Structures are given as structure tokens and as C-alpha cells.
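See structure below.
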Amino acid sequence: FGERALLQDEPRSASVKAVTDLVLMRLSPSGFESLLGPLSDNLDEHRRRREKAIRTEGEELAMPHRPHATRGSFGLEGALWRTDGSALYLAKHYTTNTGYTLREECKTALVASCETARVQREAEMLQEVRGCGFHSPCVPPLLRRFQTEASLFWLFKGYACSDLSTLIESERVSEAQLHFICANVVHALLLLQTDCRLLYRNLVPEHRYLMESGYVGLMDFGFARRDDGACYTLCGSPAYFAPEVVRGNAQGPGVDWWA
């Protein structure tokens, strides 16, 4: 008998042919139930345990300081962009089937371009943003960093669907939608400036992402730094430079509002 025989008292739906001598052991449905209980109860219990394990794994993935993810935990569903040394992927967690945004950076390329210090600073900024305690879809938190022998990976909450540059160039964005996008950016900047005292300094369409939730998120903090009144670094995209950046003056929140 099989599962259907135990659940619905149906005859077997498959046969097995032996090609050598064997010993056949038989267990009746009543004997199965007397030893293990009804199969339906066992299946329900297995389902409950499985669902609990999935919930637990999803919750742990969102908790800081819990190394519950590796590159092998995710399947890649597509790339938003690729360069010679980095890429931004849409990723699905195998166990929970939850979507995330996963950034990959090649270690060799980082060393060759002298960006190891930038990686450390960005990690500190993202950790500081998460430590501020606000929860906004406009600033998706960094959930995990992990690595393989060749690459570093940054795992962000939420599913990025497109960067704003691609979206705007498609000419399918209405004026009302542009107003909403601007409101999202303003909201994100206010959170970063007032709650975290950070300057973003990289507010270009290519680094703003339309998330699956419909909100616009900031995830690239490579040029972000604390607003301590001693910021003079020339960085970002020249088309978005504020006057104080061009003149080499101290930078404040105005550099982001200008951009």
C-alpha cells in the first residue's frame, strides 16, 4: 500500500517487479496506524514543522548579527545591471522564497581600483543607518554581508525592479508618478539627515531604485559620510555637483538637496 491507500483506502496505483530474490515484508494500514497514528496527522505535523522552520529562517535572516545566509542560500532571477567588477541581482531565498536585492563586487576588481577603503566605509554607513531604528521602504536596510573566494555580497531587504534612469528614459512615467518619486527621495533624505546625520552625496537616477513595493529606495552608500562639517571630498556625478562641491567648500545637507 502507499500514501493514497492510507489516506483514502484506495488500491495501489503502481506495481513493483523484482528481478532477484528478495524478502517481502508487509505492514497493514491498521498496523501502520497502531504504530505511528493516522498518516494524515503525521503529514499535518510535518507541514507545521516545515512552515515553522521557514518562518524562523526568514526571521533570522532579517536579524542583525545572525550569520544565517551564504551565497548558496539564494537563486539569482535576473540582473538590473552589470559592470566588469560588480552586478546588482534580483535574488530569491531558496527556503523562504522571499525576494531580495543582492549586490556582488569582485574582490580582484576592488583591489585593482583601490576601493577596499570605500567598501569598509560603506559597510559602516549602512550599519549606522540600520542602527538608527527607522523602518522605511525608501531606505531598504542592509540585512547581510557575506563572501565567496572571489566576491563580496551585499543583501538588501526588498526586491528592486528597475533603476530610475531606465524608468525615466522609457518615457512611461507620468507627472503624478514623478511627484511621488520626488516625495520618496525627500522622505529618504530627511530620514538620513535628521535621524542619522548623514550626507548621501550620490543622488543620481542610476542609484535610485523602484522597489517591488512601489516605493523608491536608496541602497548605494558608497559616497555617504557623517555630516560633521568637515566634508570636502569631490565625489559623485559632475552633473549633480552643488556649487560648494565645485568650489571645494565644506559640504552640508544642501549638496543632496541641490542634486
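Model, not experiment: these values are computed from the prediction. Numbering of residues begins at 1 and proceeds along the displayed sequence.
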For Asn184 against Tyr215, the heavy-atom pair lying closest together = OD1-CA, 3.2 Å
Check whether any side-chain N or O of Gln251 sits under 3.5 Å from a backbone N or O of Thr233 as a donor-acceptor pair, and report yes or no.
-> yes
So, are Arg226 and Glu128 salt-bridged, with charged N and O less than 4.0 Å apart?
-> yes
Would you call Tyr200 and Val185 a side-chain contact if the rule is heavy atoms closer than 4.5 Å?
-> no
Only one of Glu104, Arg71, Arg103, Lys107 forms a side chain to side chain donor-acceptor pair (under 3.5 Å) with Ser151, so which one is it?
-> Glu104
Taking side chain as C-beta onward, heavy atoms only, is Arg130 less than 4.5 Å from Leu142?
-> no
Give a yes or no on whether Trp257 atom CH2 has more than 12 heavy-atom contacts from other residues, nucleotides or ligands under 6.0 Å away.
-> yes
So Tyr240 and Asp256, side-chain contact (heavy atoms from CB on, under 4.5 Å) or not? Walk me through it.
-> CA-CA 9 Å; Tyr240 295 85; Asp256 286 330; over 6 Å; no
Please determine, by modelled atom types, if Ser86 and Glu105 share a side-chain donor-acceptor pair under 3.5 angstrom.
-> no
Kindly indicate whether the side chain of Lys157, heavy atoms from C-beta on, has any atom under 4.5 Å from the side chain of His135.
-> no
Considering all heavy atoms, the nearest His187-Cys138 contact = CD2-SG, 3.7 Å
Parallel, tilted or perpendicular: which fits the ring planes of Phe146 and Phe153, with parallel below 30° and perpendicular above 60°?
-> parallel
Within-4.5 Å side-chain heavy-atom neighbours: Ser165 and His207 | no
Measure from the side-chain N and O atoms of Thr166 to the backbone N and O of Ser162, and report whether any donor-acceptor pair falls under 3.5 Å.
-> no
Which heavy-atom pair separates Leu218 from Ala188 by the least distance, and what is that distance?
-> CD1-CB, 3.7 Å
Look only at the side chain of Gln120 and the backbone of Ala117, and say whether a donor-acceptor pair between them is shorter than 3.5 Å.
-> no
What's the shortest heavy-atom distance between Ala250 and Gly229, and which atoms?
-> CB-O, 4.0 Å
Side-chain contact test, heavy atoms from C-beta onward, threshold under 4.5 Å: evaluate it for Gln127 versus Glu124 and give yes or no.
-> no
Residue pair Phe156 / Pro141, side-chain heavy-atom distance below 4.5 Å | no
Backbone N/O of Phe223 and side chain of Arg201: donor-acceptor pair under 3.5 Å | yes
Tightest non-hydrogen contact, residues Ala18 and Leu22, listed as CB-CD2, 3.2 Å
Can you see which heavy atom on Asp195 is nearest to which on Cys132, and at what distance?
-> O-SG, 3.6 Å
Would you say the side-chain atoms of Glu244 and Tyr232 include a donor-acceptor pair closer than 3.5 Å?
-> no
Under 4.5 Å between any side-chain heavy atoms of Tyr100 and His93, yes or no?
-> yes
I would like to know whether Trp154 and Thr101 meet side-chain contact (heavy atoms from CB on, under 4.5 Å); could you show each step before the answer?
-> CA-CA 8 Å; Trp154 310 67; Thr101 303; over 6 Å; no
